[in-house]
Amino acid sequence: MQRAAAERARSYDDFKAKYRSDPEGFVLDCIAWKDGDSPTDYQLEILRAIPEKKRVCVRGPHGLGKTALSAWLVLWFALTRDGEDWKMPTTAGAWRQLTKFLWPEIHKWARRLKWDVIGRVPFDERLELQTLGLKLSTGEAFAVASNKPDLIEGAHADCLFYLYDESKAIGDDTFDAAEGAFSNAGENTMNEAFAAAFSTPGEPQGRFYDIQSRKAGFEDWWPRAVSLEETVAAGRVARDWAMQRGRQWGADSTLYIRRVLGNFASDDESGVVPLSWVEAAQERWQDWVEAGKIGELEALGIDVGGGGDPSVLAKLFRINEPERLPEVRRAVDELEYDRSGDPLAIGSIASRTLNKFPALRTVVDVIGLGAGTASELRRSFSRILGFVAGGKVPTDARGNELTDKSGDMLFADARSWAWWTMREMLDPQYAEGWALPPDDRLTGDLTAPKWREWGKGRVRVESKEDIRKRLKRSTDAADAVIQMLYDEPKEEEIPERRVGSFSFRNFG
């Protein structure tokens with residue numbers, strides 16, 4: 001037994017010596033690859049860059065395989081430095097990225113390691129490979145929130161590796177916290193330090209953008225932009241998917257440029273709802289799901305599609321539990337789509353909910369096919385409201401047109417009022433706490449319309465017809481959501497001083 005243990009120790013030492021500076025070889029030789037499943041050329045290039053460049057920063061489209069890359073690096077660094085003084089903090093722009101994606105990915109790839117090649121027994125999942133950490137004999141990899149740079153700065157070891165996932169949302173102070181480790185690591189020292197930052201791009205700002213754009217002071221980073229063509233050629237992204245997103249979102253849209261092309265893009269100043277606000281609402285939605293979708297069902301929104309567009313049903317929940325969800329006050333559940341072409345079918349789907357809540361406020365776009373749907377629902381239910389997008393701006397109980405939150409902006413029509421009110425619900429300066437599902441169609445719809453001043457200082461939001469001409473699609477998903485902002489005015493809800501929009505008084 002002692003001889004076997006000694007032989008295993010020698011084998012493990014040989015493994016560490018062989019792959020210490022070769023993460024590419026580690027991934028190719030020490031992971032059990034399935035037929036047709038192997039690292040891409042650009043992933044191997046990035047792995048090769050780690051030992052030489054020390055600091056690697058990678059951006060690219062969704063689907064490039066950055067989480068797998070991160071997992072491989074954690075396993076490589078931990079196993080090849082085992083027996084030395086080492087640490088590997090892993091952080092991300094959102095804590096959920098660590099708990100739901102990165103560390104489950106590490107567990108997945110650990111199950112595919114070739115332990116006979118590595119020369120040690122598999123990880124003990126109680127003592128070594130834990131939910132959010134990998135602790136070996138002389139060091140550990142662990143998860144740390146990106147808003148706690150002191151924990152990053154407090155990581156001291158002879159061998160350090162900082163892993164930044166979804167880096168576009170990580171603050172400068174967190175990046176700066178690692179600089180102490182690099183100050184005493186290098187060729188003339190006994191210590192070593194590495195850093196790897198991966199992300200899809202966002203706004204052209206922040207440390208991740210500065211590194212990627214090669215700004216002065218960041219020359220010691222190796223930036224790499226993975227292109228859409230590379231991911232398609234590698235079989236990581238389907239070309240048909242990319243083309244369809246171009247048709248759905250518009251090839252010049254911020255959403256397409258960031259998520260499909262993998263390039264930085266500013267929010268469109270002429271757009272009604274910035275993409276960054278939608279993405280923040282989607283982060284809140286994940287918190288709502290993890291809390292068990294708590295709340296009270298408040299309203300339904302129905303947009304009846306035609307001409308090949310689906311009909312859409314949206315459900316709005318009110319959440320009044322700040323102790324459990326301090327940042328979420330309203331949440332839209334997953335949208336339900338009907339593609340049957342029958343305008344009454346979406347009404348039947350809504351009836352399943354309305355049979356349980358017959359007085360639930362339900363808002364239907366009653367122009368065109370929606371008129372029949374609303375009429376049929378009114379046969380059985382009491383609070384079916386008709387929304388006319390091109391109609392007059394809604395008024396309060398005193399007959400005053402509804403305005404924006406400031407009380408200064410007026411609107412060209414009901415559609416413009418509803419869209420602008422949705423904008424205010426998502427605007428971070430108002431902290432209204434709306435949560436939206438990560439639905440690609442909804443995301444594209446919300447970020448599609450543009451606005452302009454019209455007439456006597458009124459806001460006009462681009463019509464569905466004009467959007468259809470521009471993008472060859474309608475915004476049915478978003479329309480089902482924004483319609484839920486509409487309600488009949490109630491006298492007791494009107495304040496003494498008319499400030500803010502109708503939605504502000506009723507949804508605040």
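Residues: numbered from 1 along the sequence shown. The figures here come from the full heavy-atom set of this structure, side chains too, leaving out hydrogens, waters and symmetry mates.
- Residues passing the side-chain contact (heavy atoms from CB on, under 4.5 Å) test with A94 are E283, sequence neighbours excluded.
- Sequence neighbours left out, not one pair with a member in residues 219-250 passes ring pair (Phe, Tyr, Trp, His ring centres under 6.0 Å).
- Using a cutoff of 4.0 Å between basic side-chain nitrogens and carboxylate oxygens, D176 and R207 are scored as salt-bridged.
- In this view, P204 and Y209, F264, S266 satisfy the side-chain contact (heavy atoms from CB on, under 4.5 Å) rule, not counting sequence neighbours.
- Salt-bridge check for K215 with D210: passed, with a basic side-chain N closer than 4.0 Å to an acidic carboxylate O.
- Salt bridge present: R330 and E298 bring a charged side-chain N and a carboxylate O closer than 4.0 Å.
- In this structure, the side chain of E334 does not engage the main chain of P437 through any donor-acceptor pair within 3.5 Å.
- Rounding to the nearest 0.5 Å places CE of M422 at 12.0 Å from CG of D479.
- Not a single side chain to side chain donor-acceptor pair (under 3.5 Å) links T174 to another residue, sequence neighbours left out.
- Sorted by first and then second residue, the side chain to side chain donor-acceptor pair (under 3.5 Å) pairs with a member in residues 32-51 read E24-R48, D37-R112, T40-Q43, E45-R224; sequence neighbours excluded.
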Practice problem: Output, in order, the C-alpha distance, side-chain angles, deciding distance and verdict of side chain to side chain contact (heavy atoms under 4.5 Å, CB included) for R324 and I294. | Solution: CA-CA 9 Å; R324 293 182 62 185; I294 59 176; 3.4 Å; yes
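- Qualifying side-chain contact (heavy atoms from CB on, under 4.5 Å) partners for Q244, counting only residues two or more places apart in sequence or in other chains: R247.
- Remark: the backbone N or O of A478 is not paired with any side-chain donor or acceptor of T475 at under 3.5 angstrom.
- Residues passing the side chain to side chain donor-acceptor pair (under 3.5 Å) test with T231, sequence neighbours excluded: none.
- Within the structure, the side chain to side chain donor-acceptor pair (under 3.5 Å) test picks out the following pairs touching residues 124-133 (sequence neighbours left out): R120-E128.
- Among residues two or more places apart in sequence or in another chain, the side chain to side chain donor-acceptor pair (under 3.5 Å) test is passed with K168 by E166, T200.
- Heavy atoms from other residues, nucleotides or ligands lying under 6.0 Å from NZ of K450 number more than 12.
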Donor-acceptor list for residues 140-162 side chains, cut-off 3.5 Å, not counting sequence neighbours:
unit_1, atom_1, unit_2, atom_2, d
S146, OG, A92, O, 2.9

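- Atom CZ of R239 has 12 or fewer neighbouring heavy atoms from other residues, nucleotides or ligands inside a 6.0 Å radius.
- Distance alone, capped at 3.5 Å, places no donor-acceptor pair between the T90 side chain and the L163 backbone.
- Listed by first then second residue, pairs satisfying side chain to side chain donor-acceptor pair (under 3.5 Å) with a partner in residues 76-85 read Y12-D82, R20-E84, R81-E192, D82-S137, not counting sequence neighbours.
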When you look at Y19 and D14, which way does the side-chain hydrogen bond (donor to acceptor under 3.5 Å, both in side chains) test go after all the steps? CA-CA 9 Å; Y19 295 105; D14 291 343; over 6 Å; no
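- E279 contributes no side-chain N or O that, together with a main-chain N or O of W277, makes up a donor-acceptor pair within less than 3.5 Å.
- With sequence neighbours excluded, no residue forms a side chain to side chain donor-acceptor pair (under 3.5 Å) with D173.
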